[in-house]
Amino acid sequence: MMILGPIGFTAPLALLGLLALPALWWLLRVTPPPPRPVRFPAIRLLRDLVQPEETSSRTPLWLILLRTALALGLILGLAGPVLHPSTIATNDLPLLIVVDNGWSAAPAWPQTKATLNAVLEKAIRAGRTVTVLATAPSTDGSAPMAAGPDRAAVIAGKVRSLQPLPWTADRARATAALAALDLPRTTETLWLSDGLGSADADALAKQLTRYGTGGLYRPAALQTAEAVMPPQLDAGKLTVRVVRALFGGMEDAELRVSTLDGRVLSTAPAPFKPGSAIANATFDLPVEIANEVERIDLARQPSAGGTVLLDSRWRRRSVGLVTLGGNDQGLLQGETYLSAALQ
């Protein structure tokens, strides 16, 4: 593949046809020789006749430009143009792909999976050997395991069902799994990141630099995951905190409270201030409705990290105290300690 700026060509040899454009331009401008005048006495009889058809002495300029443009388009089409070609070259080097598939990869997963499939499709056509390592632990809690090295077609079948898991990626154990792989130093690497940093991200990146050329995919700012913290109950109001990456977009979050059966009880915005990674949303609901809340999540970006399940700790109970008389005052009153305990 040959890459010129944002456009690449899968068949660059076809561009040699551009050398024929000057010759084509010259041929289109060729005109027949001028007619030789011959005296004919009866020509006066034909002078006043209407000529039904006229032929131009030379090809019009617009027609030359049109035909040249058609030839140019044909040559470029045969060259196989590709807009924004992948940085992963279609060579025969081994390929190592690291995929973040924790809960934070869920918002941008369609784009991440499409990128993974496109790279594997190119590797299949090039006959490359591929290794894929997902950074999230397995469902049984075991460390991340690499698929491969194997033929690209085999690996594509193994990762077809790869999905984000509802827990955090374990990049530390993924780095250890990479260190245990016996791959050539010329291996090409690609990291499909979830866009979030961690304490182990630098170690993973350093491990990837052991090999040859590499690439990094990161989702767009508005597709970066946001996390919802457990709410605080104060004066009958639920205050929920939302946390996101500092490089995230300026779009505000929107939270919703609902029951476990999916019935939405209320929604509230969580506006982010410029340069801030934290936003708060407040729900002021009647006691009867607030006690039905069992789930708080992001309305536009649902994920495991963007969901909080509530239990009885967040219920507001109606309590009455009945005293049986007595003249105790201040700290000697029994209801003083009951009130403090209930609070």
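Heavy-atom basis, side chains included; hydrogens, waters and symmetry copies ignored. Along the sequence shown, residues are numbered consecutively beginning with 1.
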Item to check | For N280 against P271, the heavy-atom pair lying closest together | outcome: O-CD, 3.9 Å
Item to check | Polar side-chain atom of R185 near backbone of R210 as donor-acceptor pair, under 3.5 Å | outcome: yes
Item to check | Same cluster (ILVMFWY, side-chain, under 4.5 Å), L208 and L181 | outcome: yes
Checklist entry - Are side-chain heavy atoms of L298 and L255 found at a separation under 4.5 Å? => result yes
Next on the checklist: For the CZ atom on R173, are there more than 12 heavy atoms of other groups (residues, nucleotides or ligands in this structure) within a distance under 6.0 Å?
Outcome noted: yes
Next on the checklist: For a 4.5 angstrom cut-off between non-hydrogen side-chain atoms, does K122 reach L120?
Outcome noted: no
Checklist entry - Would W191 and L183 show up in the same hydrophobic cluster when neighbours are defined by side-chain heavy atoms closer than 4.5 Å? => result yes
Checklist entry - Going hydrophobic residue to hydrophobic residue with side-chain gaps under 4.5 angstrom, can you get from L204 over to L216? => result yes
Next on the checklist: Checking S258 against R263 for the side-chain contact (heavy atoms from CB on, under 4.5 Å) test, could you report, in this order, the C-alpha distance in whole Å, the side-chain angles of both residues, the deciding distance, and whether it holds?
Outcome noted: CA-CA 5 Å; S258 58; R263 184 162 48 92; 5.8 Å; no
Next on the checklist: Just verifying a value: how many Å separate N101 CG and W109 CH2, rounded to the nearest 0.5 Å?
Outcome noted: 5.5 Å
Checklist entry - Yes or no on side-chain contact (heavy atoms from CB on, under 4.5 Å) for K206 and D202, after CA distance, side-chain angles and deciding distance? => result CA-CA 6 Å; K206 185 177 180 180; D202 292 340; over 6 Å; no
Item to check | Flag if over 12 foreign heavy atoms under 6.0 Å of CE, M229 | outcome: yes
Next on the checklist: Within the 4.5 Å heavy-atom criterion, are V308 and V240 side-chain neighbours or not?
Outcome noted: no
Next on the checklist: Would you compute the distance between atom CZ of R128 and atom CG of L93 and round it to the nearest 0.5 angstrom?
Outcome noted: 6.0 Å
Item to check | Contact summary for E294 and L260, nearest pair of heavy atoms | outcome: OE1-N, 3.2 Å
Next on the checklist: I'd like to know if L21 and L76 are part of one continuous hydrophobic network [Ile/Leu/Val/Met/Phe/Trp/Tyr, side-chain heavy atoms within less than 4.5 Å].
Outcome noted: yes
Item to check | V228 with L165, same ILVMFWY side-chain cluster at under 4.5 Å | outcome: no
Item to check | Nearest-0.5 Å distance that lies between atom CZ in R160 and atom CD1 in I155 | outcome: 12.0 Å
Checklist entry - What distance do L72 atom CG and T68 atom OG1 have between them, rounded to the nearest 0.5 Å? => result 9.0 Å
Item to check | Non-hydrogen atoms of V99 and I97 that approach each other most closely | outcome: CG2-CG2, 3.9 Å
Next on the checklist: Let's go through L95 and T131 carefully: what are the C-alpha distance in whole Å and the side-chain angles of both, what is the deciding distance for side-chain contact (heavy atoms from CB on, under 4.5 Å) to 0.1 Å, and is it a yes or a no?
Outcome noted: CA-CA 6 Å; L95 178 61; T131 304; over 6 Å; no
Checklist entry - Which atom pair, heavy atoms only, marks the closest approach of D100 to S193? => result OD2-CA, 3.4 Å
Item to check | Side chain to side chain, W103 and P164, heavy atoms closer than 4.5 Å | outcome: no
Next on the checklist: Just to verify, what does T307 make a side-chain hydrogen bond (donor to acceptor under 3.5 Å, both in side chains) with, not counting sequence neighbours?
Outcome noted: none
Checklist outcome for this item: Minimal heavy-atom distance between T267 and F283, with the atoms involved, is C-CE2, 3.7 Å
Checklist entry - Does V293 reach the side chain of T259, with side-chain heavy atoms less than 4.5 Å apart? => result no
Next on the checklist: Could you measure the distance from the OH atom of Y211 to the OG1 atom of T189? Nearest 0.5 Å is fine.
Outcome noted: 9.0 Å
Next on the checklist: Please report the interatomic distance OG1(T135) to CG(D170), rounded to the nearest 0.5 Å.
Outcome noted: 8.5 Å
Next on the checklist: Could you check whether any side-chain heavy atom of L178 comes within less than 4.5 Å of a side-chain heavy atom of V98, counting everything from C-beta outward?
Outcome noted: yes
Checklist entry - Between A270 and A279, which heavy-atom pair has the shortest distance, and what is it? => result O-CB, 3.5 Å
Checklist entry - Are the charged groups of D194 and R171 less than 4.0 angstrom apart, N to O? => result yes
Next on the checklist: Tell me whether the count of non-hydrogen atoms from other residues, nucleotides or ligands lying under 6.0 Å of CD in Q232 goes above 12.
Outcome noted: no
Next on the checklist: In the structure I gave you, are the side-chain heavy atoms of V257 and V264 within less than 4.5 Å of one another anywhere?
Outcome noted: no
Checklist entry - Can you name the side-chain hydrogen bond (donor to acceptor under 3.5 Å, both in side chains) partners of S161, sequence neighbours left out? => result none
Checklist entry - Would you say the side chain of V119 lies within less than 4.5 Å of the side chain of L190, judging by non-hydrogen atoms? => result yes
